[in-house]
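Chain identifiers are assigned alphabetically (A, B, ...) following the order of the sequence lines, protein sequences preceding nucleic acid strands; residue numbering begins at 1 within each chain.
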Amino acid sequence: MPFSYPHFGSLNYIFEVIFREIGRNDLIIPNKPSKKTIQLGARYSPEFVCTPFKMTLGTFIESLNRGATELGMGGGNGYCRFRYYWFVQKLILEDLGYDCKFVTFDYEDPLQLLRTFKNAGKGVNYLQTFRAFRYAWVKNRLTDKVDELLYKYRAIESEKGVSEKFAEKLYRDIVEIKGFRNCRKFLRNLPEIFKQEIDVIRDADPLKIAINGEVYVVLEPALNLDINKRLNELGVITKATVTLRKFLDIGQRLNPFYKMEHEKAIKYSHKYVPYNIGGETRENLGDVILYKKKGWDGVIHLYPFTCMPEIITRSIFPQVSRDYNMPVLSLVLDEHTGEAGYQTRLEAFVDLLERRRDIMREKKRLT
Amino acid sequence: MPHKIGIPKALIYYKFAPMWKTFFEELGLEVIISPETTKKIRELAISSAPDEDCYTTKLYFGHTMYLKNKVDFLFIPRFGSKHKTNIGCPKFIGLADVLRSMYSDLPEIIMPHFNIAKGRDNKVTFFIKACLVGLRFTKNPVKIIQAFRKAMIAYKQYKKQLIVDIETLSKWEQSEIMVNDFPILKKDEKPLKIALVGHSYVINDSYCSLDIRNKLRELGVDIITSEQMPRELIEEQLTKHEANLYFDFEREILGTILYFIENKVIDGIIHLMIFGCGPDSLAGEVASRFSRRNPVVPLLQLVIDDLTAETGMKTRIEAFTDMLRRRNSSFAFQLPALRIT
Ligand code: SF4
Ligand code: SF4
């Protein structure tokens, strides 16, 4: 049964890695979603469901039309809607006349996750599944790093479009790399490779903006209208601070000597929201403080229309932003978000940050 | 002068009121509960709450603002879950934090956190947390323990009174008894039997639900509400599906609808949904899909938000009950699920 899964930004490559490793050679790799995809999904979705539902449903329909019959999706018991998506999508797809089976992954529980992957695989034992899994998280570190470097170099490249093409090639390389040792070497060398390959504008003086919010919106360019590219083109270095590695990267999760970035952020957010409320609320609030301390200029927070945890985040942001003197822009996204208005708001925010930076520099010079 | 503690009458107040009220009263506090929602509270709500929040959460803000200057403390628990896998709604956990962040002039908020599914809480920590809350108001441990006991008893009694057992339900289904107010009937009219389904804090808040209970009563409808339904039936109904609906308070909603869709003993189902509500958006879709697959008992889904007009609602309900009556006299007329915003 041909297998497919939702498109999820550059994580798409990671999903490909893991499913190939567990012997699924019948993958239907999802196409990059477009405006059409989300409109297709929205047509059959409940009216006020959050936007990732519509996007993933649209992607599923497209993959089913290309021959997929088995679909992978998050499952289990969660805080918000995401893990119940699949059941509703299944009913919708059934009513549309598709014959499909869902495989659900409870990503919070590593053992359960391993078991599901083994059962979803073809002729693999637990050891092999674990190996596949390890490949996934190790390579996820690579794609995250490539993302990070791309969002940096694209802002300061001297010839437009070079970094993007280069990153595209690297993603493919990452899928193909064999052996953990090579992966590690690759990761170590990445900054150097970028430096060598891409000519940068010498006297560039880029702003730095951290992008956070609901995980799917931040990582799926089709949904956030490729916000990183838009900002890079305005000469701003960006970084997506959320990553699925908070679930996937068991290596770092279990390493007592390593603190993942989101763990640091959660610590900072403690005085605003001391308990988990699902979504990325605590990380997002903490990011403002974390990135202020790192000397970044601002934060853009993205969330889907009607998203429950992120409405909470958004309501608390003004206080954090005030307390730490760090500008935060919250943007809500859905299938109706217009490009023009969106671009204007981004430009206005960048202008504001630029002016702020000038004033601050002036002050520093005078004192 | 005893301290005054305020409890906003919205959201999970409607689930746990007797417990909280008894507990604080036994501790010797004066408990001040905001009144039923009114136009003024709605206005307060809309001006004080975040734009994109669901209507009921906005109302919670309105009630809090109403109490703001009238009390010394506010009780806004961060409620996560009371079940080993199922949770409430993320918004319940965040309420106190959002309010305190947006309004620095609120009285001190008592905000214990409780979460079994994801927060490693259990009966023991529940007791300890209650004691910690109690210790803020009295140093006498005996008094706290007694207050706790009485609160639990009050809560159990309240649930026992509210929820009918299977036997009572089947009597209601046979039209032998009624479980709510008597409907007002015209001459020669038989009452219609309708299940009124929705969040407790919607169907019990007459302003928020646009007084639907009274309207139905006037239209000669005999109702049962989703919160009255026997839990065993709901659990049984939901285990028929492969996915676990982990929103604890949404279970009674979906369970009730699915039960009556299958059971076919009543005339119709009215489901009050809240615009923008997370759990409703998914469970409502599941309900309407199953209803279309098995369209014997008509399902009317009404979506409410802060702009819904009372008159529009009234016409729709009237049209629905009219249709049910006509359908009763001339059977063999089928109607798919209908959703109106
Ligand atoms: S985090 Fe927000 S957008 Fe994502 S599933 Fe939950 S409610 Fe929807
Ligand atoms: S369950 Fe729905 S209506 Fe209730 S607070 Fe949550 S989102 Fe709002």
Side-chain angles (χ1 to χ4, degrees), chain A residues 44-50 53 73 75-95 101-102 104 106 108 269 271-279 281-282 285 303-320 322-323 330 332, chain B residues 49-54 57 61 78 80-81 83-102 104 111 113-115 117-119 241-247 250 273-286 288-290 292-293 303 305 339 341:
Chain A
Y44 303 110
S45 295
E47 138 196 51
F48 47 82
V49 76
C50 40
F53 185 99
M73 192 65 181
N77 301 304
Y79 269 106
C80 71
R81 282 173 266 194
F82 182 70
R83 296 166 192 230
Y84 196 68
Y85 272 11
W86 70 272
F87 182 61
V88 186
Q89 291 178 329
K90 184 168 174 235
L91 294 178
I92 295 174
L93 292 172
E94 274 173 13
D95 284 353
K101 198 182 130 208
F102 270 87
T104 59
D106 183 353
E108 213 155 75
S269 71
K271 65 176 173 206
Y272 300 101
V273 178
Y275 298 101
N276 193 358
I277 53 175
T281 300
R282 292 187 300 167
L285 290 171
Y303 66 104
F305 183 56
T306 78
C307 172
M308 300 187 280
E310 298 311 324
I311 291 181
I312 299 177
T313 318
R314 190 220 141 103
S315 315
I316 301 182
F317 260 142
Q319 190 195 2
V320 190
R322 237 179 3 251
D323 289 356
S330 276
V332 58
Chain B
D51 273 358
E52 292 138 64
D53 250 333
C54 55
T57 305
F61 276 67
R78 295 161 166 145
S81 119
H83 184 272
K84 65 180 191 302
T85 52
N86 303 335
I87 56 141
C89 168
K91 288 190 184 163
F92 301 154
I93 317 177
L95 276 174
D97 292 305
V98 173
L99 274 160
R100 138 182 107 153
S101 164
M102 288 179 70
S104 48
M111 40 180 164
H113 173 252
F114 188 70
N115 193 337
K118 307 251 166 191
H241 304 289
E242 47 198 327
N244 175 42
L245 180 62
Y246 47 77
F247 293 110
E250 197 73 17
M273 296 165 70
I274 293 292
F275 183 83
C277 168
D280 270 356
S281 65
L282 294 181
E285 183 71 15
V286 174
S288 95
R289 299 247 159 212
F290 277 104
R292 259 177 270 168
R293 289 177 187 193
V303 183
D305 69 2
R339 184 180 301 166
T341 325

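When all heavy atoms of B/Asp97 and A/Pro274 are compared, the pair lying nearest together is OD1-CD, 3.7 Å. Across all non-hydrogen atoms, the minimal contact from B/Tyr246 to A/Arg83 is OH-N, 3.2 Å. Residue A/Phe87 comes nearest to B/Val286 through the heavy atom pair CE2-CG1, 4.0 Å, listed as atom of the first residue, atom of the second, then distance. Annotation for A/Tyr84 and B/Ala243: closest pair CE1-CB, 3.9 Å, computed over non-hydrogen atoms. B/Leu282 and A/Phe53 make their closest contact through CD2-CE1, 3.8 Å (heavy atoms, listed as atom of the first residue, atom of the second, distance). Minimum interatomic distance between B/Ser101 and A/Gln319 (heavy atoms only, all atoms of both residues): OG-OE1, 2.8 Å.
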Original post:
Hey, mind stepping through B/Asn244 and A/Asn77 against side-chain hydrogen bond (donor to acceptor under 3.5 Å, both in side chains) and telling me if it holds?
Top reply: CA-CA 7 Å; B/Asn244 175 42; A/Asn77 301 304; 2.7 Å; yes

Subject >> Evaluation steps, salt bridge (Lys or Arg N to Asp or Glu O under 4.0 Å), between A/Glu94 and B/Arg289 >> reply: CA-CA 10 Å; A/Glu94 274 173 13; B/Arg289 299 247 159 212; over 6 Å; no

Subject >> Stepwise side-chain contact (heavy atoms from CB on, under 4.5 Å) check, A/Ile316 with B/Met102 >> reply: CA-CA 7 Å; A/Ile316 301 182; B/Met102 288 179 70; over 6 Å; no

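Using a 4.5 Å cut-off between heavy atoms, B/Ile87 touches chain A through its side chain atoms alone. Interface remark: B/Ile274 contributes backbone atoms only to the contact with chain A (heavy atom separation under 4.5 Å). Of the atoms belonging to B/Leu245, heavy atoms from both backbone and side chain fall under 4.5 Å from chain A. For a residue to count as touching a neighbouring chain, one of its non-hydrogen atoms must lie under 4.5 Å from one of that chain's; by this rule B/Phe92 does not touch chain A. Contact of A/Tyr272 with chain B is made through the backbone alone, with heavy-atom distances under 4.5 Å. Heavy atoms closer than 4.5 Å to chain B are found nowhere in A/Val320, neither backbone nor side chain. If you measure heavy-atom distances from B/Cys89 to chain A, the contacts under 4.5 Å come from the side chain alone. Residue contact with chain A, scored on non-hydrogen atoms closer than 4.5 Å, involves the side chain of B/Asn115 exclusively. For a residue to count as touching a neighbouring chain, one of its non-hydrogen atoms must lie under 4.5 Å from one of that chain's; by this rule A/Ile312 touches chain B with backbone and side chain alike. With a 4.5 Å cut-off on non-hydrogen atoms, A/Cys80 touches chain B through its backbone and its side chain both. For A/Asn276, the part lying near chain B is the backbone, with the side chain staying farther off; criterion is any non-hydrogen pair under 4.5 Å.
Rounding to the nearest 0.5 Å gives a distance of 4.0 Å between CE of B/Met273 and CZ of A/Phe48. Remark: B/Phe290 CZ to A/Leu91 CG distance equals 5.0 Å, nearest 0.5 Å. Here the OG1 atom belonging to A/Thr281 is positioned 9.5 Å from the CD1 atom belonging to B/Ile93, to the nearest 0.5 angstrom. Atoms CD and NZ, on A/Glu108 and B/Lys118 in that order, are 4.5 Å from each other to the nearest 0.5 Å. Considering CZ of A/Arg81 and OG of B/Ser281, their distance stands at 4.0 Å, rounded to 0.5 Å.
In this structure the side chain of A/Met308 reaches within 4.5 angstrom of the side chain of B/Pro279, judged on heavy atoms. Looking at heavy atoms from C-beta onward, A/Glu47 lies out of side-chain contact with B/Glu285 at the 4.5 angstrom threshold.
Between A/Asp95 and B/Arg293 there is a salt bridge, with a side-chain nitrogen of the basic residue lying less than 4.0 Å from a carboxylate oxygen of the acidic one.
Of the listed residues (A/Thr313, A/Thr104, A/Ile92), the one with the most heavy-atom contacts under 4.5 Å to chain B is A/Ile92.
Side-chain contact annotation: A/Tyr303 with B/Glu52, donor-acceptor N/O pair under 3.5 Å present.
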